[in-house]
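The structure appears below as structure tokens.
Reckoned from all heavy atoms, side chains included, excluding hydrogens, waters and symmetry mates. Indexing begins at 1, ligand by ligand and atom by atom, following the structure's order.
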Amino acid sequence: MDSTDGRGKVAAVAGAGPAGLTAALELLRRSAITPLVFEADGQVGGISKTVNYRGNRMDLGGHRFFSKSDWVMRWWQDILPVADGETETDAAVRMSYQGRSSDLVPSVFGPRSSDAVMLVRQRLSRIFHRRRYFDYPLKLNASTLRNMGLVETLRIGLSYGHAQLIHRSPETSLEDFLVNRFGDRLYRTFFKDYTEKVWGVPCQEISAEWGAQRIKGLSVTKAIAHAVASPFRSQADTAQKQTETSLIERFLYPKLGPGQMWEEVAHRVAAQGGSIHLRHRIVGVERRGLAVTAVKVRDQATGSVRRVPCDYFISTMPVRDLTAMLEPEDARIIRISQQLPYRDFMTAGLLVRKMNSTSNQANRSTENGMPPDNWIYIQEPDVKIGRLQVFNNWSPALVADPATIWLGLEYFCREGDDLWSMEDGRFIDFAARELEKISMIDRRDVLDGTVVRVPKAYPAYFGQYSEFDKVRAYLDAFSNLYPVGRNGMHRYNNQDHSMLAANSAVNSIINRGQGKSAIWDINADDDYHEEIDEVA
Ligand SMILES: Cc1cc2nc3c(=O)[nH]c(=O)nc-3n(C[C@H](O)[C@H](O)[C@H](O)COP(=O)(O)OP(=O)(O)OC[C@H]3O[C@@H](n4cnc5c(N)ncnc54)[C@H](O)[C@@H]3O)c2cc1C
């Protein structure tokens, strides 16, 4: 144990997602502080949970287990070892990312027959545009030219050339930013609709600075732009591109989906003396000055609220909720945090008997038409679907009947909008019709379906976010409060970032409040690899 063992002390933890559970397990491993985890949902895992629908498991978004942090990679393998036989040599797993390869050498393998293991998966994701599959990242090869058509390719090239000669000035909006860099035609073909679909805001209303900050996350479009523009680019540019995260090709994946990792962690937390209270929502925080003294927890089953005194409070709940509960004296803090933007997310799980092969993918699909991709970016302007997950290809164990195809149709939306509010049955039908419209399935092949809504899936960096530093300063002033995680920090965190932030919070608790700012240094350079268009 480090500098304080914290015997008899209690840490209340809001949320049993990756951040909350990592904090709880690390506290148990490295101190005598007891973590009490309160989770509003009926299961653990947060956004990284696995939803089990009649034996078919859904991963909300498709979670790659990959980190540049060796600590995280080891941590995951300590919970779920890599399955025996997943590597060619049984010795090293070659993870390639950021244009580099790194050998992950598992110290222990799990039996292949066991469910409690991780698989090594090879990423395949393509773009579906004009009812055809395009390679991702897009390559300027014969197949792309065939798919686009020579005339369209020429038009894009001309439009790109035009944009290089005549710049939009001043460059105020994201539209200006993108047109200036990629030309109007390419912008309209691949950027405009998709960006607006993902973020729900017209590109003219998003600032150019935001584009400059975010464009490195717009990988589909980036890939396309790169391919089209590459003949005009310098060597240095190309080298830099190779260091970008979209080149990740291999990743770890729990056999039963991402939630399996967090279910295992929850077992360990409970076994080591922590407690996890499902369906318990933190609804209030008591404080004395700038120290949290207790949380108020509502049992969702009975509605009763109880007061839980605590010495530390680790919060992964949305910043907006936390600040409201703290009742800051400065009204600005409330105003800013209440207006922090989010994007919400819905997935329709569709179980289908078979899919239609398009002419240019027939040779890559299986007998029942299932494409080989983990996920497919849908870049078709006549449908609202953003991405399609093929769960069979993440792990065959996610699917109850291997003869069926288990799909996730992902929609970016806003809590309360028309999509979000659609009654489940209607939404499933709507989603199936969309897939039929783009010729991927026949609706009569749909066997079953379900819907999962994910509020605040994406903390967004526009609007009031520009004043977030004030909220952060207010939260940081508390002596025993640790906001961590994705919504907890309003940061575009992947699992590993959330875990690293949680681990930093535990370090700081153990070191009597020292080193708190390290929490905010994680993922501070927007260097993320989760993909919502890829965008997220
Ligand atoms: C579409 C999509 C794809 C993604 N892909 C990847 C990927 O490939 N790889 C990767 O590593 N990451 C990926 N991520 C990111 C990953 O899901 C998150 O980084 C991770 O789940 C964040 O963990 P967290 O604990 O910070 O927050 P969350 O997962 O949001 O967990 C927070 C928990 O707190 C609970 N909670 C909230 N308020 C309260 C309250 N008042 N009281 C009690 N409980 C409360 C919530 O119910 C939730 O369970 C993806 C995310 C999305 C949306």
Side-chain angles (χ1 to χ4, degrees), residues 12-24 36-50 58-69 72 76 121 123 125 198 245 248 251-253 258-259 261-262 265-266 276-285 295-300 313-322 324-325 342-347 374-375 386-387 389 394 408 410-412 452 454-459 483-502 505 522-523 528-536:
V13 181
L21 289 174
T22 302
L36 306 180
V37 184
F38 299 100
E39 170 52 59
D41 199 357
Q43 68 180 97
V44 303
I47 302 174
S48 308
K49 69 185 173 187
T50 304
M58 285 172 86
D59 173 345
L60 312 176
H63 283 74
R64 284 168 293 158
F65 281 66
F66 163 80
S67 180
K68 286 182 243 166
S69 156
V72 171
W76 281 333
R121 305 308 282 176
R123 165 190 174 148
S125 45
V198 166
T245 326
I248 296 166
F251 52 88
L252 298 175
Y253 193 72
M261 173 67 68
W262 304 109
V265 174
I276 297 170
H277 305 265
L278 297 179
R279 295 188 189 83
H280 280 69
R281 179 179 287 279
I282 294 189
V283 291
V285 179
V295 292
K296 287 187 184 151
V297 183
R298 187 175 62 218
D299 180 336
Q300 314 270 61
F313 181 34
I314 299 175
S315 168
T316 76
M317 70 169 97
V319 169
R320 188 194 275 195
D321 299 352
L322 175 65
M325 289 180 203
Y342 296 92
R343 194 70 176 140
D344 308 293
F345 176 77
M346 282 173 86
T347 304
N374 302 97
W375 70 92
R387 250 183 351 199
Q389 300 288 342
W394 285 86
E410 301 182 337
Y411 291 84
F412 308 106
V452 181
V454 187
K456 298 189 177 61
Y458 301 101
V484 295
R486 184 167 167 112
N487 283 330
M489 300 166 76
H490 201 88
R491 190 166 280 178
Y492 209 60
N493 282 342
N494 273 335
Q495 295 175 98
D496 58 335
H497 303 127
S498 283
M499 295 167 66
L500 288 164
I522 292 154
N523 192 21
Y528 43 78
H529 66 271
E530 171 201 336
E531 300 163 23
I532 110 179
D533 68 313
E534 190 161 332
V535 187

Could you work out, for atom 20 (C) of ligand 1, the closest of Ala40, Pro459, Ser48 by heavy-atom distance?
Ser48
Hey, looking at atom 5 (N) of ligand 1, which of Ser67, Gly61, Gly62 has the closest heavy atom?
Gly62
Side chain, backbone, both or neither: which part of Phe345 has a heavy atom under 4.0 Å from ligand 1?
side chain
What atoms of ligand 1 come within less than 4.0 Å of a heavy atom belonging to Pro18?
20 (C), 21 (O), 23 (O), 24 (P), 25 (O), 29 (O)
Under 6.0 Å between ring centres, would you say that holds for Tyr253 and Trp76?
no
Report, in ascending order of atom number, the atoms of ligand 1 lying under 4.0 Å from any heavy atom of Ser498.
22 (C), 23 (O), 24 (P), 26 (O)
Please confirm whether Asn493 comes under 4.0 Å of ligand 1, counting heavy atoms of the residue only.
yes
May I ask you to check whether Ala457 has an N/O atom sitting below 3.5 Å from an N/O atom of ligand 1?
no
At a 4.0 Å cut-off, with the gap strictly under it, does some heavy atom of His280 reach an atom of ligand 1?
yes
Option set Met325, Gln495, His63, criterion heavy-atom distance to atom 17 (O) of ligand 1, minimum:
His63
Hey, is ligand 1 close enough to Asp321 that some N/O pair sits below 3.5 Å?
no
Salt bridge Asp299-Arg279, side-chain N to carboxylate O under 4.0 Å:
no
Does any non-hydrogen side-chain atom of Asn487 lie less than 4.5 Å from one of Thr316?
no
Answer with side chain, backbone, both or neither: which part of Phe65 has a heavy atom less than 4.0 angstrom from an atom of ligand 1?
neither
Within the 4.0 Å heavy-atom shell around Phe38, which atoms of ligand 1 are there?
43 (C), 44 (N)
My understanding is that only residues two or more places apart in sequence, or in another chain, count here; which of them pass ring-ring contact (aromatic ring centres under 6.0 Å, His included) with Tyr411?
Phe427, Phe430
Heavy atoms, side chains only, cut-off 4.5 Å: are Trp262 and Lys49 in contact?
no
Heteroatom proximity flag, Asn487 to ligand 1, N/O under 3.5 Å
no
At less than 4.0 angstrom from any non-hydrogen atom of Ile47, what atoms of ligand 1 do you find?
17 (O), 21 (O), 28 (P), 29 (O), 30 (O), 53 (C)
All heavy atoms of Ala501 vs all of Val484, minimum pair found to be O-CG1, 3.6 Å
Nearest candidate to atom 34 (O) of ligand 1, where distance is taken over non-hydrogen atoms, out of Gly485, Gly15, Ala12
Gly15
Is the ring pair His277/Phe38 parallel, tilted or perpendicular, if the boundaries are 30 and 60 degrees?
parallel
Working for side-chain contact (heavy atoms from CB on, under 4.5 Å), residues Asn493 and Ser498
CA-CA 6 Å; Asn493 282 342; Ser498 283; 3.6 Å; yes
Could you check whether any heavy atom of Thr316 sits closer than 4.0 Å to an atom of ligand 1, since that is the contact criterion I want to use?
yes
For His497 and Ile522, which heavy atoms make the closest approach, and how far apart are they?
O-CG2, 3.7 Å
Ring centers of Tyr342, His490 separated by less than 6.0 Å
yes
